[in-house]
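Atom set for the values below is all heavy atoms of this structure, side chains included, hydrogens, waters and symmetry mates excluded. Note that ligands are numbered from 1 as they come in the structure, with each ligand's atoms numbered from 1 the same way. The first residue of the sequence shown is numbered 1, and numbering continues consecutively from there.
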Amino acid sequence: MSTTQHTAWHETGVGALADSLRRREVGAVELAQHFLARARQQQALGAFLAIDEEATLAQARAQDAALAAGTAGPLAGVPLAHKDVFVTRDFPTTAASQMLAGYRSPFDATIVANLAQAGCVSLGKLSCDEFAMGGDNESAAVAAVGLDSPQPVRNPWDATRVPGGSSGGSAAAVAAGLAPAATASDTGGSIRQPASLCGITGIKPTYGRASRYGMIAYASSLDQAGVMARSAADCALLLSHLCGPDLERDSTSLDLPTEDFTRGLDGSIEGLRIGIPREFFADGLAPDVRAAVQAALKEYEKLGAALVDISLPRTDLAVPVYYILSPAEASSNLSRFDGVRYGHRAAQYSDLLDMYKKSRSEAFGEEVKRRIMIGTYVLSEGYYDAYYLQAQRLRRMIADDLQQAFTRCDVIAGPVSPTVAWPIGAKTDPLSAYLADIYTLPASLAGLPAMSVPAGFGDAGMPVGLQLIGNHFAEARLLNLAHRLQQATDFHQRRPAAA
Ligand code: GLN
């Protein structure tokens, strides 16, 4: 096996792996086997919901052939894994729900196809909160590979703690070196928050940059695909291939040419104005997170950037607004799971209505049902104006506040999560979980690109992420800032002891 020749393929970044593959220092099959072996060794993390060695090796063999023939794409043979909300032909897709247990899509999501087109090999599907609703990956209702029952995904830095969510499987897999990179989705923070809690780098592009075709819908006006990897440079490389217009299949896809996000990575940040929203540093931010984030901001000052005090006065409203709008959209999106066309169907029922009721009652988990009920309520006649319409108005005002802020600064920075990763089972009431999303929601509601960059460590040695938020289409600038921090610090290179 490869491990005897090269013990550290899982320590190697995406760009370097692509180079080694091109130089034929390692084969795509060998690399896929290396990572599959690691995934097998670390099944207890619960990161993977589906592995199919044959399917992976078939993809890898095709890439080896392309490399030998000189027809290979730029990322030929680079292994990665996909969050289980992206439909895939070669692997089952469940969104971690019993509703879709065993489901197999007849097509690949556009972002999956885009990455495959560049040459990436899929290692399988990664766990998440059910239908991407959550922030701790405790609500996955499908058993992970090698485990007998559905379990929360574990944080590789401390297996008694959550990895964050909803993309907890993606973050845990990358942090533990089970995959060099992973796709993920972010509706209200699900790329940034688990990346922060697992000490890796993650970016969500501008809404509309990445196709939503084949991404199982949670809240369509917010859902956006992105990537996680160890470094900003790796994220830039992958994002350049993941994004791109898909006008015929996604009505909200932006008609923008693909962009090479790696081009500006080394650019100077001298004189750049970084806005620091005072509301992101108010009560509620844990002292250890505050200290790590402030230390990272000091690094930026050393690199020549200027820190500017700004205000996002409606920050507190982001949580209620998001938790009205996203359940409203979810209640509509999830109505398609009715037991008729696809998904779970109850074994016994008396009539059509009873079949709907039983199928949905049996197969949706508690949090999903809660959101369907909230969403149905806020959209119902009599409450629509008071809740849904009001929330839409406030969403616009929150977005306007951000635009106002961008007249005074080029990029906004702050914490991702108010605390480091918490113990599994610690957040039992939904409200306390919702409140923890406060710093990630404004960018989501405004459709802005945002990322999490490792910024240090807090209590119990757990990772802390720095959030960077850019104006629309400023991905390259965010990645440039993140890369510069990673040239000045080594937080992104630290590994959990178990990995
Ligand atoms: N934690 C947020 C929620 O529960 C965000 C989820 C997401 O981005 N998919 O909805």
Which atoms of ligand 1 have any heavy atom of [X] under 4.0 Å away?
X      : value
Ser166 : 9 (N)
Ala132 : 6 (C), 7 (C), 9 (N)
Gly188 : 5 (C), 7 (C), 8 (O)
Tyr323 : 1 (N), 2 (C), 3 (C), 4 (O), 10 (O)

Starting from [atom], find the nearest protein heavy-atom neighbour and note its residue, name and distance.
atom                   : result
atom 5 (C) of ligand 1 : Tyr322 OH, 3.4 Å
atom 6 (C) of ligand 1 : Ser190 OG, 2.9 Å
atom 2 (C) of ligand 1 : Asp437 OD2, 3.2 Å

*asked:* Is there a polar contact, in the sense of an N or O pair closer than 3.5 Å, between Asp186 and ligand 1?
replied: no

*Would you say ligand 1 has an N or O under 3.5 Å from any N or O of Met133?*
no

*Would you mind telling me if ligand 1 is within reach of the side chain of Tyr434, the backbone, both or neither, using heavy atoms under 4.0 Å?*
neither

*asked:* Tell me the contacting part of Arg192 for ligand 1: side chain, backbone, both, or neither, using a 4.0 Å heavy-atom threshold, strictly below.
replied: neither

_Which residues share a side-chain hydrogen bond (donor to acceptor under 3.5 Å, both in side chains) with Ser167, sequence neighbours left out_ = Lys83

*Taking only residues two or more places apart in sequence, or in another chain, which ones meet His344 in a side-chain hydrogen bond (donor to acceptor under 3.5 Å, both in side chains)?*
Glu362

_In this structure, does ligand 1 have an atom that sits under 4.0 Å from one of the heavy atoms of Gly134?_
yes

_Once rounded to the nearest 0.5 Å, what's the spacing between atom CD of Glu130 and atom CG of Leu100?_
9.0 Å

_Any Pro449 side-chain heavy atom under 4.5 Å of Thr206 side chain_ = yes

*Is any side-chain heavy atom of Phe280 less than 4.5 Å from a side-chain heavy atom of Val293?*
no

*Heavy atoms only: give me the nearest Ser240-Ala236 pair and the separation to one decimal.*
OG-O, 2.7 Å

